[in-house]
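All heavy atoms count here, side chains included; hydrogens, waters and symmetry mates do not.
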Amino acid sequence: MLSKTLAQTVTKFRPSMLTAALSTGRVDIFNPTPEHAELRKMVRSFVEKEVDPQALEYNREEKFNINLFRKLGDLGLLGIVVDPKYGGAGMDATAAVLVTEELASGDPGLTCSYATHSMLLINNILRNGNEEQKMRLLPAACTGEKIGGICMSEPSVGTDVLGMRSMATPSADGSYFTLNGTKMWISNGTLDGKDTGDLFLLYAKTNPAAKYGGLTSFVVEKGMPGFTLGQKINDKCGMRSSPTAELVFENVKIPKANVIGEVGGAVFCMMRNLQIERLGIAAMNLGIARRSIEIMTRYAQERKAFGKPIAEFGQIQKMIAESYAEYMAGRSYVYQVAYNLDLDAYGKGLDGDGTKLFMAATSKRIADRAIQCLGGYGYVGEYQVERLWRDSKVTEIFGGTNEAHHKNMAKELAKLGRIE
């Protein structure tokens, strides 16, 4: 059920509003319609009142705040891009980016779980599932009744996705597949450290002799015999309030009804979802960068050295000014791509890679400057920026490594020849 505020926003929001806004020639790409501005105001208020105050505790204890996460469902944020008939808010990519930026300014770890659930799991089922699957799976995912993610990486397979070893063998009558394999580094893989999460989109090969090994995507649900928690991954550098796990699949029988898309067609499903996935990670970096700038700016005005606020020293001014300029450059890039993104599009990954590549390095650099500005205080958890720095690091790894982005972008640019 949507919150009253978001329900009112959704009722008023129509994609045609973006066209109308564009026709005026005066578009605020960060809030292209009044409905986007209302959404940002609502989420920012929620972050200030409920997300930010709990972040340090859940980070230190490496716990997932499941009750707070489900409040995101109450607010209608988990299904932000989902059609209302499946329980979502029916908004666009800009709304998804906006929500992610705001949440990450308070707790990037919680936001990691949010983006995994909303952009990787829910959006993938929405774009690639059939009507029966969407009606069956999306409502509970949009409320947060069921929480999950995506299973791609394996203990010895990361960027080399097609090297995965998980195998789903079809039954003789074609009514089910028997899945065997292990998946690693799975966000929301466990919610309590004792059992698996609720719902996962999993990639596995179905025919080693076929193109891409017959790579197919399946929905795997908690409680399926043979589906177990291998281990909860503890002592991570960052994103410590987002649970990460190893998941094990031993002769798990998956009904044909849980195949998402065509058998052997998962590469298409995967590529169609990559742009919003990477754009979402870039939006997380925006939240990290913005919060870091706000903290160091405030601290520099309050802290005095040699008889005056350190904000009056050129070295500090340089850190703050350059951070803001870099943040706004990245923010403009991210929101411009979101504004023009067709969530059903395929094969337009250049700027998905580009936004994530740029913002991952930018947010880490800005958080590092914030630590430097705060000195010893920046090095301890109470002042937040050391946590923001730690949380930013993994964005150079998950969702595509920096090196993968370099390769992808160079290939795409070679095809273009000329940049318009």
Side-chain angles (χ1 to χ4, degrees), residues 81-83 86 93 116-138 141 148-154 157-183 186 199-221 224 227 247 249 252-280 341-350 352-353 399-400 404 407-408 411-412 415:
V81 299
V82 176
D83 190 300
Y86 306 123
T116 297
H117 180 81
S118 183
M119 295 298 105
L120 275 66
L121 173 65
I122 289 179
N123 188 65
N124 215 316
I125 294 173
L126 176 68
R127 305 296 161 189
N128 301 303
N130 60 38
E131 186 66 15
E132 184 277 331
Q133 291 167 337
K134 288 186 276 192
M135 292 297 296
R136 171 163 56 95
L137 299 169
L138 290 178
I150 191 168
C151 296
M152 186 181 297
S153 296
E154 298 183 355
V157 177
T159 301
D160 181 18
V161 175
L162 298 180
M164 70 174 59
R165 299 175 182 175
S166 294
M167 181 67 64
T169 306
S171 63
D173 63 1
S175 63
Y176 65 89
F177 291 76
T178 301
L179 171 67
N180 284 282
T182 302
K183 296 295 183 179
I186 308 305
L199 191 67
F200 296 91
L201 186 81
L202 176 142
Y203 294 96
K205 291 180 177 178
T206 58
N207 182 359
K211 186 177 182 180
Y212 305 129
L215 194 67
T216 302
S217 53
F218 302 88
V219 166
V220 182
E221 302 173 71
M224 286 183 167
F227 173 31
L247 299 178
F249 306 88
V252 180
K253 291 186 177 180
I254 305 174
K256 187 177 180 181
N258 279 25
V259 173
I260 300 296
E262 300 293 328
V263 173
V267 170
F268 172 81
C269 299
M270 185 190 305
M271 297 305 294
R272 185 157 63 173
N273 206 63
L274 274 179
Q275 183 141 324
I276 189 61
E277 174 187 350
R278 289 169 175 170
L279 200 61
L341 178 60
D342 176 358
L343 288 168
D344 287 312
Y346 169 77
K348 297 182 178 179
L350 176 62
D353 281 281
K407 180 193 66 156
N408 296 342
K411 287 174 66 176
E412 289 295 317
K415 292 177 186 176

Checklist entry - In Å, rounded to the nearest 0.5 Å, how long is the span from OG1 of Thr206 to CG of Leu215? => result 8.0 Å
Item to check | Check: Val252 and Glu221 side chains under 4.5 Å, non-hydrogen atoms | outcome: no
Checklist entry - Are any of the side-chain heavy atoms of Ser171 and Thr178 separated by less than 4.5 Å? => result no
Checklist entry - Pick from Ile260, Val263, Ile254: which one makes a side-chain contact (heavy atoms from CB on, under 4.5 Å) with Thr216? => result Val263
Next on the checklist: Regarding Glu154 and Ser166, do their side chains bring together a donor and an acceptor under 3.5 Å, going by distance alone?
Outcome noted: yes
Next on the checklist: Among residues at least two apart in sequence or on other chains, which ones pass salt bridge (charged side-chain N to carboxylate O under 4.0 Å, His left out) with Lys415?
Outcome noted: Glu412
Checklist entry - Of the non-hydrogen atoms in Gly163 and Val157, which two are nearest, and what is the gap between them? => result O-CG2, 3.4 Å
Next on the checklist: Does Phe268, at its CZ atom, have more than 12 non-hydrogen atoms belonging to other residues, nucleotides or ligands within less than 6.0 Å?
Outcome noted: yes
Item to check | Atom pair CG (Leu199) and CD1 (Ile122), whose distance is rounded to the nearest 0.5 Å | outcome: 9.0 Å
Next on the checklist: Determine whether Glu277 and Thr116 satisfy the following criterion, side-chain contact (heavy atoms from CB on, under 4.5 Å), listing intermediate values before the conclusion.
Outcome noted: CA-CA 8 Å; Glu277 174 187 350; Thr116 297; over 6 Å; no
Checklist entry - Does Gly149 offer a backbone N or O that forms a donor-acceptor pair with the side chain of His117 under 3.5 Å? => result no
Checklist entry - Asn124 and Ile150: side-chain contact (heavy atoms from CB on, under 4.5 Å), yes or no, with the steps? => result CA-CA 9 Å; Asn124 215 316; Ile150 191 168; 4.1 Å; yes
Item to check | Side-chain heavy atoms of Lys205 within contact of Met167, under 4.5 Å | outcome: yes
Next on the checklist: Out of the candidates Asp83, Val82, Leu121, only one should pair with Leu138 under the side-chain contact (heavy atoms from CB on, under 4.5 Å) rule; please name it.
Outcome noted: Val82
Item to check | Spatial distance of atom CG (Asn128) from atom CD (Glu262) [nearest 0.5 Å] | outcome: 10.5 Å
Checklist entry - Would you call Asn180 and Phe249 a side-chain contact if the rule is heavy atoms closer than 4.5 Å? => result no
Item to check | Ile186 to Cys151 - nearest heavy-atom pair and separation | outcome: CD1-CA, 3.8 Å
Checklist outcome for this item: Between Gly399 and Arg278, the two heavy atoms sitting closest are O-NE, 2.8 Å
Checklist entry - Closest heavy-atom contact between Ser217 and Ala266? => result N-CB, 3.5 Å
Checklist entry - Taking all non-hydrogen atoms of both residues, which atom of Met224 and which atom of Pro255 are closest, and how far apart? => result CE-CD, 4.1 Å
Item to check | Val219 side chain near Gln133 side chain, heavy-atom distance below 4.5 Å | outcome: no
Checklist entry - Which is it for Phe218 and Lys256 under the side-chain contact (heavy atoms from CB on, under 4.5 Å) test, yes or no, and what are the steps along the way? => result CA-CA 9 Å; Phe218 302 88; Lys256 187 177 180 181; over 6 Å; no
Checklist entry - CG of Asn123 to CG of Asn273: how many Å apart, nearest 0.5 Å? => result 5.0 Å
Checklist entry - What do the steps show when you test Tyr86 against Met135 for side-chain contact (heavy atoms from CB on, under 4.5 Å), and what is the final call? => result CA-CA 6 Å; Tyr86 306 123; Met135 292 297 296; 3.4 Å; yes
Next on the checklist: Measuring only between side-chain heavy atoms, which start at C-beta, is Leu120 closer than 4.5 Å to Leu201?
Outcome noted: no
Item to check | Spacing of Met164 atom CE and Ser153 atom OG [to the nearest 0.5 Å] | outcome: 8.0 Å
Checklist entry - In terms of the angle between their ring planes, are Phe200 and Phe227 parallel, tilted or perpendicular, with boundaries placed at 30° and 60°? => result perpendicular
Item to check | Minimal non-hydrogen separation, Tyr203 against Cys269, with atom names | outcome: OH-C, 4.5 Å
Checklist outcome for this item: One should read off an interatomic distance between Ile125 CD1 and Arg136 CZ, to the nearest 0.5 angstrom, of 9.0 Å
Next on the checklist: Could you tell me if the side chain of Phe177 sits less than 4.5 Å from the side chain of Val259, heavy atoms only?
Outcome noted: yes
